[in-house]
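The model shown is predicted, which means the values in this text are computed figures rather than measured ones. Residue numbers run from 1 in the order of the sequence given.
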Amino acid sequence: NFRVDMFKKGFGFKKKPKNGSKELKKLSSSSSAGTGDELTENPGQSVFRVTVPDNVNPGEEFQVYAGSRIVRVRCPPDSRPGQSLQITVPIDPDALEKDSRTSPSNPSLPPDSDNVQMINEPGNPGSAAYMVTIPEGVQGGQQFPVTIQGQQLMVTCPQNARPGMSVRIVPPPPPNIDQQSPEPVRPPPPPKDESTQLFEVEVPSGVLPGQPFALLAGGVRVLVTCPANASQGSRIRFKLPLAITQPREPTSELQQLRLKYDKDGWQRTIRISDMKFQWVRVDDKGEVENTTRFDIVKSAYVRKLDFRPGDDPRIRTGVLTLVPATDAVMDSKIKSADNRDLVTYSEIADAQVKAFDEKSEWFYHTCNQLCVEWNEGHMRMNVRRQFLLGDSVDAVMSLSRKDLRKLWRFEFIGEMGIDAGGLAREWFQLVSEEIFDPDMGLWQSSATNQMCMEINPASEFYCEDHLVYYRFLGRVMGKGLFDRQLVSGHMVGYIYKHMLGWPVTFGDLEQIDEELFNNLKQLESMVKNGDDIEMLCLDFTTTKEVMDTKEEVELVPGGANKEVTNDNYPEYLEALLKYRMLDRVKPQLNELLLGFFDVIPEPLLTVFDFQELELLMCGLPEIDMDDWKANTEYSGECDEDGADHEICQWFWDIVSDFDQEMKARLLQFVTGTSGVPARGFSVLQGNDGNVRKFTIHGLTQGICLYPRAHTCFNRIDLPVYDTKEELYERLKLAITMVSTGFDIE
């Protein structure tokens, strides 16, 4: 390897010019080692453009490919990851002696590597194939460089291969130097508006120094911490960026409903001290509501994921915990590769009030800005169809986080076809179908909804290296979202909440274990009625089933020796909630989230609710209205007349006029997921695994004011309203509020 040291050996070095030299060659594959794009060639030397890799600090060295050689570059003191540099290296004299192996069609290309041999395949004339011999010291899963047709490529050694064996690869076609125009460099975004507005407020009564309180400033709800030298009645001042306080008109009818009716509950605010997002619970007076002890109505928890560097720089580690929702914070900015502010809070706030399709386009536009440019490197994924999952795991898990944001091109080895999007779509579908298959042991159908998948707590007993597959799936889901690809697998609702960093509450238990939820609510009622619950002989333990064997799990240290009493039962409910929402599957969920956030920045998701995230990842379903109507049952007030009942006729008229998004949200409201069974609504299942068709249950208005859903058996309770307009308003409100956690009862 030739060493490029700008400080000791005096080779030419300068930053990437604004009007760069003519680009002669673009490399079509990249790796964690990096590749250099050749710009000019002077007598006795060549100039290359390279990009500083991730995790490289000023003064540290990194290696890149310069022509047919690997060279080492020292990062200048004023450069950072993602920045482009130019380096000058002497021409390799050995390369001049190998003209016999140079491409005859383009003598200027460097020779192929010694361990590469072209093979002729009569049945596959469209692209050349090569046999590559695995070098000494390379183990399964590791990468090694080769040069083919002037391209520096990284080849991943298959898990079952060893040094000396040959593997078949089909490299991407070499770039046409004469015809290919340079990739345009993205212009930097305009500078963000840093203007601020000064506010003066009076500290509310009851607020102590150091305690936060929420208020509306310029129409925006913000969280202010009372200074240490202030007290109730004192007047304090703070500044807000002017861009935040600009009035925003919601373009989504659903958002208008939320702004109108969402009077209390959990809300995400901006914290003045550091401009980060924070959850607060606001009462009907607009004041922050704090609870010091667990309450089944008011308490909520948010997952907290602390990222840590891993032993392998390509793979981060992290620590996943559940913290009180009021302690959970998230960045409100998104940084670009060169550490610029790509997205700010005000832009996120603008996107939050848009309609779903407008939000989606904003999200994809931002992902496009985060995508690594084609001329900085792109990836070709070569997989065998008969070993699809294994090859895919090896390939995806060998990539760095920067590689995950590069453009991917797919090829099924031995099959003709150019990936213009169709092969990528097929790959995402097949891989996600296989990994969500319950027979693999990583996922299982939810006990309350057969259409939804939940993590198998005993996955380690069914699948070797099970955590690798969860990290892999997280990366696949993140990359699919990044590239507008869909995955096959609807997950239980609380997992989407964890992905968003949304509060999970006691009510979420009903979606994963209805029996446990009802038993715990009965326990709460017994305490309120003054009954002594010690007679139930409960302790701070629960049971888990592994391979048909039940094991006892302590919810707190020493839980087997701690009885549940009327005094400590809130802590018992809290411990059970934490166990079912996280601790039971913490290792698996930790890897899933780490993989997902290897691709997607957390703040980018704050514009969506958990129902929208499911629609974004799994797609809007194709709903056959005739099939839906034909396989609907009627009960209650609608029992006798069935579909001919006036309220049912109004219902179907309204639903037929819904757009695709609202129909999907109605399905989510009633069945718990937007998924439709492959064989249609006739086989819609309930939580017991039996067919439970979509049911409209008529109620008198005195029983409830709004439509309500029973996802366990796919039933919607529909009050018999006086007018079609009233049904329309109440139904849309009920569908909308379910995603905010707002209790309309």
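With no hydrogens or angles considered, no side-chain donor-acceptor pair links E637 and H645 at under 3.5 Å. Between the side chains of Q588 and S459, at least one donor N or O lies within less than 3.5 Å of an accepting N or O. If you check the side chains of E524 and Y569, you find a donor sitting under 3.5 Å from an acceptor.
Between R293 and E571 there is a salt bridge, since a side-chain N of the basic residue sits under 4.0 Å from a carboxylate O of the acidic one. Between D717 and R715, at least one side-chain N (NZ, or NE/NH1/NH2) sits under 4.0 Å from a carboxylate O, which counts as a salt bridge.
Listed by chain and residue number, F713 satisfy the ring pair (Phe, Tyr, Trp, His ring centres under 6.0 Å) test with H710 (two or more places apart in sequence, or in another chain). Among residues two or more places apart in sequence or in another chain, the side-chain hydrogen bond (donor to acceptor under 3.5 Å, both in side chains) test is passed with Q444 by E454. The ring pair (Phe, Tyr, Trp, His ring centres under 6.0 Å) check on F681 picks up W628, with sequence neighbours excluded. Looking at residues two or more places apart in sequence or on another chain, you find no side-chain hydrogen bond (donor to acceptor under 3.5 Å, both in side chains) involving Y721. Residues forming a ring pair (Phe, Tyr, Trp, His ring centres under 6.0 Å) with Y634 (at least two apart in sequence, or on another chain): none. Applying the ring pair (Phe, Tyr, Trp, His ring centres under 6.0 Å) criterion to F294, with sequence neighbours excluded, gives no partner residue. D274 pairs by the side-chain hydrogen bond (donor to acceptor under 3.5 Å, both in side chains) definition with R271, not counting sequence neighbours. When the side-chain hydrogen bond (donor to acceptor under 3.5 Å, both in side chains) test is applied to S273, no partner is found at least two apart in sequence or on another chain.
Judged by the 6.0 Å and 45° rule, K497 forms a cation-pi pair with F610.
Residue pairs satisfying the ring-ring contact (aromatic ring centres under 6.0 Å, His included) criterion with at least one member in residues 503-533, sequence neighbours excluded, are listed as follows: F506-F517. Residue pairs meeting the ring-ring contact (aromatic ring centres under 6.0 Å, His included) criterion with at least one member in residues 525-544, sequence neighbours excluded, are F540-Y572. The list of side chain to side chain donor-acceptor pair (under 3.5 Å) pairs with a residue in residues 573-587, not counting sequence neighbours, reads Y301-E574, D513-R580.
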Item to complete: Verify side-chain hydrogen bond (donor to acceptor under 3.5 Å, both in side chains) between Y728 and K732, making sure each step is shown before the conclusion.
Response: CA-CA 6 Å; Y728 173 79; K732 291 199 71 170; 3.3 Å; yes
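Taking the six-membered ring for Trp, Y462 and H466 have ring centres at least 6.0 Å apart.
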Output a table of donor-acceptor pairs, distance under 3.5 Å, between side-chain atoms of residues 555-566 and any protein atom two or more places apart or on a different chain; print 'none' if there are none.
from, atom 1, to, atom 2, distance (Å)
T565, OG1, D567, N, 3.3
T565, OG1, N568, N, 3.3
T565, OG1, N568, OD1, 3.2
N566, OD1, I533, N, 3.0
N566, ND2, D531, O, 2.8

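Here the CG atom belonging to L589 is positioned 11.0 Å from the CE atom belonging to M581, to the nearest 0.5 angstrom.
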